[in-house]
Amino acid sequence: MTLRFRNTLGGALEPFEPLVAGRVGIYSCGPTVYAPAHVGNFRSFVFADLLRRYLAWSGFQVRWVMNITDVDDKIIRGAVAEGVTIGQLADRYTERFLDDLDRLRIARPDVMPRATEHIPQMVALIERLLASGHAYRTDDGSIFFRIASWPAYGRLARLDPTQQRVGERVEADEYGKDDVRDFALWKGPRAGEPSWSTSIGEGRPGWHIECSAMSIEYLGPSFDLHTGGIDLIFPHHEDEIAQSEAATGKPFVRTWLHCAHLQMRGEKMSKRTGDFSRPTDIYERGYSSRVLRYALLAAHYRASLDFSEAALASAASAVERLSTCLQALDGYRQDRRADASLDGLLTETRSAFRQALDDDLNIAPALAAVFEFVREINRRVAERTLSTEDAASAAALLRELDQVLAVVEDDAVAPDDEVDRLLAERAKARAARDWARADALRVRLAALDVIVEDTADGQRSRRAKELARG
RNA sequence: GGCGACGUACCCAAGUGGUUAAGGGGGAGGUCUGCAAAACCUCUAUUCACCGGUUCGAAUCCGGUCGUCGCCUCCA
């Protein structure tokens, strides 16, 4: 089976064929850096990261671009409220965002362009739209895209523009548009707002144009994959398509992938309702970042996912099961003949994993393949039927699959002399069959959040950090 | 009102025409272990929201009903 994706544009499951064989260009709509992003936002970034990792694992050379929106209404409002510049506010939350990405093991995109550093590219696009009659100016210096000039408008969202409930949901016309459905490419200058002096006049860019300008700049006028949350389909991505294709005359994006919402208590997690969590809130509750990653990753990207304490607890147990297996393999020593059936198991597992993810990133059967492998390996570890080399091969497969999942490998633990000393003492006590002393040391280690377990391969320790404490 | 997604065990969730309905979590019992933990084994849906229909056969196809969520405005 070959790799297939459900394309939002048209809704069909399509075989994936990159424009250039062996190479993939991905653009992901990134954050607006006016505040720390919440867990719902990160669901879509974890999804994009899974996509990127899986494509890379499958042998594609991937170029991943994610924008940083560092000028918009909310940033301007926030900067004014704090008495800082929009640059200062945006820098602060960009740093915060990058930290959040790192902790969630979302590998940094290859390019993270900022809107304010690409004004010339946006202006160039707008000039072409003005020249071709797809855009028009209004009295205040704003420039709008004329939807009536683009018959394909609404194809992505399967929305008939004439059916929009004008007046009820569509904002009243502030800028003197010809048609209320037309969207801003450029916003004329206003007192107290940042403004750029350009060939199309004074002002600042609209939201949609930045993604067109920056994706075209780094991936070309036509590229393979574009991701975002389901809420960006309309109007954001619809507008991107219209303005990009109208400006370049070329088909914009081949495949659009949209991630469903993270829900909280049955409703979309959003800052607006106040019902949301940030990653740091989850960490403070005692869950590690890879538990959070697992919780966001374990459901199919197109299915809405309810974010709850139960989901996190379940993720914590699952993650612990995976890393315990890896740890057991790393510590395993057995001088014996190789397990003749191991190669077959490794091949079957890799194949089932690939087959699942090839099917529109169907994560559940992919994880099932991993867990079935773990159960089988745990059985062989317990029965001591693996050789030391077999254990290393099994561990290597887990690590290989974890290049895609990034949840199995435990975070490196900072060395701790006190813990090391207690562990060594306990090992000595056990060797001397001094059970009372060994048990006392185990209790002391537990107080330091270190769980000690005894196995056929000796004492094993791990941090008690995946589960909520208290 | 228009458009879209969805309803499978205690929870999450795969499965889109045909042998025993994946997997994870949780729970119950057991094995192993100095003890503990981890791990392993067994059990935990004669049934897939409901009602009709098509078919030799449906969780899977068709029609209807009920319910949930999202988009149509800024939003991941």
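Residue numbering restarts at 1 for every chain, and letters A, B, ... go by the order of the sequence lines.
- Considering only side-chain atoms of A:A364, the nucleotide from B:rG24, B:rA14, B:rC71 that sits closest is B:rA14.
- For A:K268, a side-chain nitrogen or oxygen approaches OP1 or OP2 of B:rC71 to under 4.0 Å.
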Kindly express the pairing pattern of RNA chain B in dot-bracket notation, using | wherever a base pairs with another strand and counting only Watson-Crick or G-U pairs under 3.5 Å. ((((((((.[[[..)..(....]]]((((((.......))))))....[[[[[..)....]]]]])))))))....

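- Across all strands, A:T324 comes closer than 4.0 Å only to sugar-phosphate atoms, never to a base (heavy-atom distances).
- The residue A:R430 sits close to a base: some heavy atom pair falls under 4.0 Å.
- Ion pairing between A:R430 and A:D454 holds under the 4.0 Å rule for side-chain N and carboxylate O.
- Look at CZ on A:R379: it is 14 Å from P on B:rA39, rounded to the nearest Å.
- Among the atoms of the strands shown, base atoms are found under 4.0 Å from some heavy atom of A:R426.
- Within the 4.5 Å cutoff, no side-chain heavy atoms of A:F183 are placed close to those of A:P235.
- Using a 4.0 Å heavy-atom distance criterion, A:G266 is classed as a sugar-phosphate-only contact.
- Toward the 5′ end of RNA chain B lies the nearest nucleotide of A:E453, the other residue of the pair A:E453 and A:K271 mapping further downstream.
- Among the protein residues, A:L305 comes within range of no part of the nucleic acid, since none of its heavy atoms lies under 4.0 Å from any strand.
- Closest approach to the A:A368 side chain among B:rG34, B:rG70, B:rG23 is made by B:rG23 (side chain taken as heavy atoms from C-beta onward).
- One N or O donor and one acceptor, one from the side chain of A:R442 and one from the base of B:rC35, sit under 3.5 Å apart.
- Using bins of under 30°, 30° to 60° and over 60° for the plane-to-plane angle, the ring pair A:H38/A:F276 lands in the tilted bin.
- Distances from the side chain of A:S44 to the nucleotides B:rC71, B:rA76, B:rG15 place B:rA76 closest.
- Between A:W57 and A:F353, the distance separating the two ring centers is shorter than 6.0 angstrom.
- A:S317 has a side-chain polar atom (N or O) that falls below the 4.0 Å cut-off from OP1 or OP2 of B:rG26.
- With distances taken from any side-chain atom of A:H38 to the nucleotides B:rC72, B:rA76, B:rG15, the minimum falls on B:rA76.
- Taking side-chain N and O atoms only, A:R272 has no distance below 4.0 Å to OP1 or OP2 of B:rU73.
- Between the NE2 atom of A:H261 and the P atom of B:rC72 there is a distance of 9 Å, rounded to whole Å.
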Chi angles and distances behind the side chain to side chain donor-acceptor pair (under 3.5 Å) call for A:Q327, A:D410: CA-CA 9 Å; A:Q327 198 184 10; A:D410 202 351; over 6 Å; no

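- Salt-bridge formation is not detected for the pair A:R379/A:E383: no Lys NZ or Arg NE/NH1/NH2 atom is positioned less than 4.0 Å from an Asp or Glu carboxylate oxygen.
- With distances taken from any side-chain atom of A:C29 to the nucleotides B:rA37, B:rC3, B:rA76, the minimum falls on B:rA76.
- Among the heavy atoms of the strands lying under 4.0 Å from A:R462 are primed sugar atoms or P, OP1, OP2 only; no base atom is included.
- Looking at heavy-atom distances under 4.0 Å, A:G228 makes contact with sugar-phosphate atoms alone, never a base.
- Taking the six-membered ring for Trp and thresholds of 30 and 60 degrees, A:H237 and A:H258 have ring planes inclined between 30 and 60 degrees apart.
- Comparing A:P365 and A:H208 by the nucleotide of RNA chain B whose heavy atom lies nearest to each, the residue mapping closer to the 5' end is A:P365.
- In this structure, A:Q263 reaches the sugar-phosphate backbone alone: every heavy-atom distance under 4.0 Å involves primed, P, OP1 or OP2 atoms, never a base.
- Using a 4.0 Å cut-off, some side-chain N or O of A:N41 falls inside it from OP1 or OP2 of B:rA76.
- Rounded to a whole angstrom, the distance from the C1' atom of B:rC61 to that of B:rC3 is 24 Å.
- Straight-line distance between the C1' atoms of B:rA21 and B:rG15: roughly 7 Å, to the nearest whole Å.
- Heavy atoms of other residues, nucleotides or ligands lying less than 6.0 angstrom from CZ of A:R384 number more than 12.
- Comparing B:rC69 with B:rA49, their C1' atoms are spaced 15 Å from each other, to the whole Å.
- Within 3.5 Å, no donor on the side chain of A:D231 pairs with an acceptor on the base of B:rC74, nor the reverse.
- Contact annotation for A:D454: base contact, defined as any heavy-atom pair under 4.0 Å involving a base atom.
- Taking the P atom of each, B:rG67 and B:rC10 are spaced 23 Å apart, rounded to whole Å.
- Using a 4.0 Å heavy-atom distance criterion, A:P235 is classed as a sugar-phosphate-only contact.
- B:rU42 sits 37 Å from B:rC56 when the C1' atoms are compared, rounded to a whole Å.
- If you take atom C1' in B:rA9 and the same atom in B:rG27, they sit 12 Å apart, rounded to whole Å.
- The main-chain N or O of A:R6 is found under 3.5 Å from a side-chain atom of A:D360 such that the two form a donor-acceptor pair.
- With respect to the salt-bridge test (charged N to carboxylate O, under 4.0 angstrom), the residues A:R105 and A:D411 qualify.
- Centre separation under 5.5 Å together with a plane angle under 30° does not hold for the ring of A:F371 and the six-membered base ring of B:rG23, so they are not marked as stacked.
- Between A:R114 and A:D91, at least one side-chain nitrogen of the basic residue sits less than 4.0 Å from a carboxylate oxygen of the acidic one, meeting the salt-bridge criterion.
- The side chain of A:N362 contributes no N or O atom lying less than 4.0 Å from OP1 or OP2 of B:rA13.
- Rounded to an integer number of Å, the gap from CD of A:E240 to P of B:rA76 is 13 Å.
- Taking atom P on both nucleotides, B:rU73 is separated from B:rC50 by 37 Å, rounded to a whole Å.
- Nucleic acid contact class of A:A260 (heavy atoms, under 4.0 Å, all strands): base.
- When the C1' atom is used for both B:rA58 and B:rU19, the distance is 16 Å, rounded to whole Å.
- No contact: A:A311 has no heavy atom under 4.0 Å from any strand.
- For B:rC40, the OP1/OP2 oxygens have a side-chain nitrogen or oxygen of A:R321 closer than 4.0 Å.
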